[in-house]
Amino acid sequence: MPLIEYRDALNQAFDEEMTRDENVVLMGEEVAEYNGAYKVTKGLWKKWGSKRVVDTPISEAGFIGMGVGASMLGIRPVMELMFWSFAAVAWDQIINNAAQVRYMSGGLINCPIVIRGPANGGTNVGATHSHNHESFLANIPGLKVVCPATAYDAKGLMKTAIRDNDPVMFMENTLLYGEKWEVPEEEYLIPLGKADIKREGTDITLIAHGRAALTACTAADILAAEHNISAEVIDLRSIRPLDEDAILESVSKTHRAIYIEEAKPFCGVGAQISSMIMEKIFDELDAPVLRITSIDAPAIYSPELEKRQLPRPLDVVEKVLSIC
Amino acid sequence: MPLIEYRDALNQAFDEEMTRDENVVLMGEEVAEYNGAYKVTKGLWKKWGSKRVVDTPISEAGFIGMGVGASMLGIRPVMELMFWSFAAVAWDQIINNAAQVRYMSGGLINCPIVIRGPANGGTNVGATHSHNHESFLANIPGLKVVCPATAYDAKGLMKTAIRDNDPVMFMENTLLYGEKWEVPEEEYLIPLGKADIKREGTDITLIAHGRAALTACTAADILAAEHNISAEVIDLRSIRPLDEDAILESVSKTHRAIYIEEAKPFCGVGAQISSMIMEKIFDELDAPVLRITSIDAPAIYSPELEKRQLPRPLDVVEKVLSIC
Amino acid sequence: MATAVTTTDFSKAPINAKLSTEQKLKLLTEMVRIRRFETESLRQYNGGKIGGFLHLYNGQESVAVGCVSLMGDDDHVITAYRDHGHALAVGMTMNECMAELYGKATGCSKGKGGSMHFFAPDKNYWGGHGIVAGQTPLGLGLGYALKYKGLKGAAMCFMGDGAVNQGCFYESLNIASLFEVPVVYIIENNGYSMGTSLARSSAFKSCLAERAEGFGMAWGKCNGTDIYEVRANVQEALARAHIESKPTLLEVSTYRYYGHSVADANHTGGYRQKDEIEFYKQNHDPIQHYKRRLIEEGVLTEEQYEQIDEAAKSEAAAAAQFADESPVAGEETITQDVYFEVDRQTEAGRTGKHFFND
Amino acid sequence: MATAVTTTDFSKAPINAKLSTEQKLKLLTEMVRIRRFETESLRQYNGGKIGGFLHLYNGQESVAVGCVSLMGDDDHVITAYRDHGHALAVGMTMNECMAELYGKATGCSKGKGGSMHFFAPDKNYWGGHGIVAGQTPLGLGLGYALKYKGLKGAAMCFMGDGAVNQGCFYESLNIASLFEVPVVYIIENNGYSMGTSLARSSAFKSCLAERAEGFGMAWGKCNGTDIYEVRANVQEALARAHIESKPTLLEVSTYRYYGHSVADANHTGGYRQKDEIEFYKQNHDPIQHYKRRLIEEGVLTEEQYEQIDEAAKSEAAAAAQFADESPVAGEETITQDVYFEVDRQTEAGRTGKHFFND
Ligand SMILES: Cc1ncc(C[n+]2csc(CCOP(=O)(O)OP(=O)(O)O)c2C)c(N)n1
Ligand SMILES: Cc1ncc(C[n+]2csc(CCOP(=O)(O)OP(=O)(O)O)c2C)c(N)n1
Ligand SMILES: [Mg+2]
Ligand SMILES: [Mg+2]
């Protein structure tokens, strides 16, 4: 299997789905002529032209809302937010219009839109540009939230997201765009709502989403090599829908769990998963489910300090050792 | 002590703080000449005039941002969102500017603003008008989040919020505006970060915020009267800062807890509190901490069904009986 | 690029001159039906049958009816929360609308949307939106989709005079003009946003619509008293959309007789005087104006008018009865209509957990 | 209400005519210092000393320097992420600015803000804001506060040509005009928002600033090549703010020599041609233009210019050394500067839990 960059895996997904369905249109700031701020849409404007790949003004509420409106009439817009952080200026269009128009119309209207872009800290771009919105968005019934950690997942999930008839919030990561993974040449799809067991293990379950899943994998490797602890790593991939079964099955086996995420702690995804585990399999737990998150402050600029603000593999190892 | 409506308690708080500090200014849609959509600011424009009580156009991003900017220069704006739901169009101004300008300036700039208004469902105004944003906002370091359940709390917390030098998100409830509670005639303040034990008990701890705290109290009364169960009710009052000690002390005593809130379940405040309790006092728990929330769908309009969508005292009783 | 239809007798405008008697009576009938529906819903609201908000359209009927009467197969409509008039005008039944107000299973949105959220995509009607100006980018998107699909249609997007101060509207104007999207924005300027008069909410030059000028967009202003005037002006904008694929911003002066919503007790003697309302009722009522006109034209008699009015009244009363007798949906429906895939139980809908109450 | 300063030789405008030699040399010096600072920071960025984004101001120096040179005690400044020029112009030191780029404890924001978030409230400088146009309501608020306090000041709020398409800017224009807020919005139109030319991002009539017309607001357009022209136009707007408490929207044509940020590799030969950049450097460079002017006026010699330039170069190099030698703050500072009350350990700051990592 060829090794492919995360950004190129996404690019392939767009290209394939644009070929498959003439209603798929890519939109966003700089996605066309500039090839995307992070080159995720590279070459697609040249290939598909201005009808299918569209540069927009810096008007996120305007163009995301436009995409929602167009999707109601059957267009399938794949909208780039140059940073997911910029969703803050389009928040109403996302949480009210995209998420709720189906409900408020009693099911008469669908909104098959994908909103995508990088959602992460760690690149020293400061507090305004480093938000993790996934817990907020997954709170909203009507939205789906996806956070792929590898090129393989990114491609398979993106293709599924584009075909999905509900609004999918697709969160990528600038730190992963240039990383490579094996991606098959033949077509494949990955369902939303299926977690991926990225490492099998027996002593503790590390659950994570997005780039934190890779941090968990590194931690699992260290735990195996240096501490003789066998950690299972579950990458949720999709936060809503959620693969609860995979989590419960694993924790029922290991009896211990830690959630790792790069977002802030208060009401994070880890809080949801941790309390869900307690509610469902309290008696299986040999220790409290713990959480590792970003240090609870706005994202700091300082490159040295920002490294410290986000969870590192050794933070995970340390936390595991505290309960194993 | 006189019985005072929740709205009038707030009104007194504004009036007293405006008297105390000439930099306090009330702003928002219809707050002045119309006396407020819910009459919370009744009479204040007449008394204080157009400099201190200001009607704004329907431009939440514009006027909330204006308030943030003015607060940087020492004005203390108390901004009404006619509904907290409308924060969606001002989201960026709140989460980036109000919450983060202090941090990004390395502490050089303060933002002593209060953003307030009703944040609740239950009034049949549909999905767009019934959002509960408290979990999102409390996720953001830099913001404080307050949800008073009674007139007494509303007044004391509002006065403190106005004097606080950080941005305070103050969430009221349209269903409570017309309810009456005893409110002392002499001045008092309630600190942010102090929970209120609204009922003492020994068998289980019911934790809640906002109107759900009243639901919990009713449930506690029923449990005492009909099931001989003594429930302690903790009303957080302020979500961030959070009175963790009060929670941990109570649950260490009762060994059982349920969180009740009117928001949606995924990553709600209940998830945070529940996982926090597990992390800190796992061994004290005789049962999993459970959660009761709104039924997980956009707020339904239908008056009959919306009653069912929100947690009712009997839902709490039932859940308590399942673990007591 | 201010545009203005130059005729002053708008019955002479080609789009009106060619109207048949039947068509003219239909225009009148639709306006009367809306008024009677609104009046009936107010009565039922006061009787405790309806919850939440109720924003009545009385006084503004010529706008929805005039605009909708021009719609071809590929023209679409979207509006704000004051949406009953547009709903009836596009052909939604009083029954489904009234049942929605009652929150019943037979409502157009199964009781899920309520007064502010009526929809009928099969009639090219996309709601009914509660967040002020939140529908303006959606309207842009409808126009965008039409152009994308190569259809000769337009999206008419309605909004209030207070809504023009939401930022997303300007983002939409710029994109509409830049991308040449066939959208017609129609400001129903009834002089007030809740209790705030136009002068207290907006700074402008000659009128609100003129704000389009700075975006290189065509704009115009007309009076809503005369439905012919509305039609003539809107027709021009629709033609611009259909033929040149260019947007227009139109402002229509109109007036609402009731409060902002039924909860607005301040609207007589508070932020506006009773005289003012009376003045509009006397001099600017679109139904009375058109009735007189049609009698002058000889296509209507007083008796016919009474019949139309009576029929509308009975229709509205029957709708209230229908709504009253309709069932409320079951509790289990609360979590339906959230996700397409779950409702259809597709593979996607069956994979993973979508709801989190237990 | 288009306004235009009628002189074409802007040195004759009273605000320029009264400049002393010292003041003129200061204008030049400030522009040169900004350019040298930027060039040095680019070098350090390429050397791996600086993280994140770096948006250079080279080519636009006349705007920040011209505007800031007019500030009185109660005039304030706020801008977007391309904020180094304004920072140096208001009197921030190269040391604290460069150290901020390095993420050091000695930086103006202690390394917490980075390139996009410089602040100096003691110098009436309110940042440095990363979200496009997010600062426009803040600028309005600064003006509002000045008026509230009865001060005769104005807020100058800078933004790019791409930023004009964010909705909150129009909300701000309306409020500024309606409330008569002393704010001067200044569009630094450098022709591009990232890789998108003005024509591809915005629909307008004669220019972007004309969009103010529809809000009943004064507006104007001028060229940024000549710092005298900038000063003459801005002075008029400031006077309008100070005397009439009225807002203005000013557009200044300018140009950036480097890419949007240093990560923008496309900016020569991609979305714009090398010739175009050369043309601007040759014909519109504000420093060269002003240098020639001052030599003509007889207040500057080539040697003096070299000295100014050398001094700026050394100052920038020294700043880099200062930054390099400065310490990074300790890990414990990550949770400082979040809450005022916690930092001061007031009673409020000691009550309840504010941070949630454990
Ligand atoms: C973003 C937002 N802010 C405020 C409101 C509350 N609100 C609903 S309607 C309204 C007045 C709108 O007036 P206008 O646009 O003139 O429409 P009209 O009611 O006159 O039809 C306000 C303030 C809202 N629904 N959404
Ligand atoms: C809301 C938002 N959308 C997008 C961006 C990404 N972005 C940063 S600068 C920029 C271009 C802005 O161009 P312009 O306003 O002309 O300013 P210039 O960079 O030319 O100074 C974009 C798209 C952002 N920071 N914020
Ligand atoms: Mg109105
Ligand atoms: Mg620019």
Side-chain angles (χ1 to χ4, degrees), chain A residues 29-39 50 55-63 65 82-83 85-86 88-90 92 122-131 264-268 271 290-311 315 319, chain D residues 48-53 81 100-105 107 109-117 128-134 160 162-168 193-197 200-203 260-261 263-264 266 270-271 328-331 333-339 354-358:
Chain A
E29 293 156 19
E30 310 291 347
V31 297
E33 303 192 19
Y34 196 78
N35 285 314
Y38 290 100
K39 308 301 165 208
S50 294
D55 279 328
T56 64
I58 312 172
S59 308
E60 285 83 357
F63 74 74
M82 193 181 286
F83 284 68
S85 281
F86 307 153
V89 295
D92 170 56
T123 59
N124 330 132
V125 289
T128 55
H129 282 56
S130 305
H131 289 286
K264 308 288 179 247
F266 202 91
C267 296
L290 300 180
R291 298 188 281 146
I292 300 171
T293 67
S294 161
I295 292 178
D296 197 12
I300 199 163
Y301 158 67
S302 178
E304 306 261 328
L305 291 171
E306 199 190 12
K307 278 197 202 91
R308 180 61 202 96
Q309 194 171 12
L310 297 177
D315 300 322
K319 201 83 158 189
Chain D
K49 298 283 187 181
I50 298 174
F53 293 142
Y81 46 85
E100 187 60 30
L101 298 181
Y102 277 61
K104 296 298 182 74
S109 301
K110 306 180 190 163
K112 286 180 166 153
S115 165
M116 303 195 286
H117 307 113
H129 292 272
I131 298 297
V132 164
V164 301
N165 296 316
Q166 278 288 322
C168 65
S193 48
M194 291 195 67
T196 305
S197 65
R200 293 208 302 118
S201 74
S202 298
H260 166 69
S261 75
D264 170 13
N266 251 2
Y271 59 83
V328 174
E331 244 177 70
T333 63
I334 295 178
T335 50
Q336 292 168 7
D337 302 315
V338 181
Y339 294 103
H354 287 76
F355 297 98
F356 293 90
N357 278 110
D358 46 60

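To find a chain, count down the sequence lines: A is the first, B the second, and so on, and within it residues start at 1.
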Only pairs of heavy atoms separated by less than 4.5 Å count here; which of [options] has the most with chain A?
options                      : value
D:Gly111, D:Ala133, D:Gly107 : D:Gly111
D:Glu100, D:Gln166, D:Lys110 : D:Gln166
D:Ile334, D:Thr335, D:Val164 : D:Ile334
D:Tyr102, D:Phe53, D:Tyr81   : D:Phe53
D:Asp358, D:Val132, D:Asp264 : D:Asp264

Pairwise side-chain contact, D:His117 with A:Tyr301, heavy-atom cut-off 4.5 Å (strictly under): no
Heavy-atom pairs under 4.5 Å with chain D are the metric here; pick the option from [options] that has the most.
options                               : value
A:His129, A:Glu306, A:Glu304          : A:His129
A:Glu29, A:Arg308, A:Glu30            : A:Glu30
A:Asn124, A:Ile292, A:Thr293, A:Asp55 : A:Asn124
A:Ala299, A:Ser59, A:Pro303           : A:Ser59
A:Thr123, A:Val89, A:Asn35            : A:Val89

Which atoms of [X] are under 4.5 Å from chain D, going by heavy atoms: the side chain, the backbone, both sets, or neither?
X        : answer
A:Lys307 : neither
A:Ser294 : backbone
A:Phe63  : neither

Side chain, backbone, both or neither: which part of D:Ala329 has a heavy atom under 4.5 Å from chain A? both
Under 4.5 Å from any heavy atom of chain A, what part of D:Met116 do you find: side chain, backbone, both or neither? side chain
Between D:Asn357 (side chain only) and A:Asp296 (backbone N and O only), is there a donor and an acceptor less than 3.5 Å apart? yes
Closest approach of [X] and [Y], non-hydrogen atoms and distance?
X        : Y        : value
A:Ala297 : D:Val338 : CB-CG2, 3.9 Å
A:Pro57  : D:Asn165 : CB-ND2, 4.0 Å
D:Gly103 : A:Ser302 : O-OG, 2.8 Å

Under the ring pair (Phe, Tyr, Trp, His ring centres under 6.0 Å) test, residues paired with D:Tyr339 that sit two or more places apart: D:His354, D:Phe355
For a quick check under 3.5 Å, do A:Gln309 and D:Glu331 share a side-chain donor-acceptor pair by atom type? no
How are the rings of D:Tyr271 and A:Tyr34 set to each other: parallel, tilted or perpendicular (split at 30° and 60°)? tilted
Rounded to the nearest 0.5 Å, what's the gap from CD1 on D:Ile131 to CD on A:Glu60? Could you check? 8.0 Å
